[in-house]
Amino acid sequence: MSLDNRPVYTGGCQCGAVRFRVEGALGDASVCHCRMCQKASGNFYLPLVSVRGATLDWTRGEPKRFRSSNAAWRGFCAECGTPLTFEAPDGIALAIAAFDDPTGIAPAIQWGVEAKLPYVDGIPKLPSEETMGDVTSAPYLAELVSYQHPDHDTEQWPPEERP
Ligand SMILES: [Zn+2]
Ligand SMILES: [Zn+2]
């Protein structure tokens, strides 16, 4: 919460070169299956939340932008590639999973369903394993050291002691 009781959200890219702060209520949360969102995210669909009615500040770095149409720009981290924004004339939306805590930002609608990939709806029915579920087939996982920026703001990143 901010001083005047407005909600505050933070987030950023995987490497930490780009960080954002949102103050105020988030708008509509959605996923978009359209072919442009598939390409821009490198994924089956792109979850976005509008920050149109809030104040968005880039607190470290700023996204690089690709103009994906005459109407919209796609922002991403130039260092690590994390998709971060969809910027249209009616406002900016942020990638939900880029938030430090995306758990409370639940999508309420799907857009672009004409391009929905045929297997997407079957994913929840697939066999499910935790990351360490088969550590014998990927033994490097047992000694994995994450270089991902932590899910909170940092004074300095990357840490000096990184080898
Ligand atoms: Zn990055
Ligand atoms: Zn889309």
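Atoms within a ligand are numbered from 1 in the order they appear, just like the ligands themselves. Keep in mind the model is a prediction, meaning the values are calculated, not measured.
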- [ ] Would you please name every residue forming a side-chain hydrogen bond (donor to acceptor under 3.5 Å, both in side chains) with T131, sequence neighbours left out?
- [x] none

Under 3.5 Å donor-acceptor pairs involving side-chain atoms of residues 105-118, not counting sequence neighbours:
unit_1	atom_1	unit_2	atom_2	d
Q110	OE1	H33	NE2	2.7
K116	NZ	D121	OD1	3.2
K116	NZ	D121	OD2	3.1

Open item on the list: Check this for me, if you would: do D100 and R19 make a salt bridge, where the nitrogen-to-carboxylate-oxygen distance has to be below 4.0 angstrom?
Closed with: yes

- [ ] Look at atom CD of E130 and say whether more than 12 heavy atoms of other residues, nucleotides or ligands are closer to it than 6.0 Å.
- [x] no

- [ ] Could you tell me whether a side-chain N or O of T85 sits under 3.5 Å from a main-chain N or O of E87, the two making a donor and an acceptor?
- [x] no

TODO: Would you check if D153 and R60 make a side-chain contact, meaning some heavy-atom pair closer than 4.5 Å?
DONE: no

TODO: Around the Zn ion (ligand 1), list the protein N/O/S atoms within a radius below 2.8 Å, excluding water molecules.
DONE: C13 SG, C15 SG, C77 SG, C80 SG

Task: Side chain R35, main chain Q38, donor-acceptor under 3.5 Å - done: no

Open item on the list: Could you tell me if T55 and D57 have a donor-acceptor pair between their side chains, going purely by distance under 3.5 Å?
Closed with: no

Open item on the list: Counting only heavy atoms from other residues, nucleotides and ligands, does the tally under 6.0 Å from OH of Y45 exceed 12?
Closed with: no

Open item on the list: Keeping to distances under 2.8 Å, can you name the protein N/O/S atoms close to the Zn ion (ligand 2)?
Closed with: C32 SG, C34 SG, C37 SG

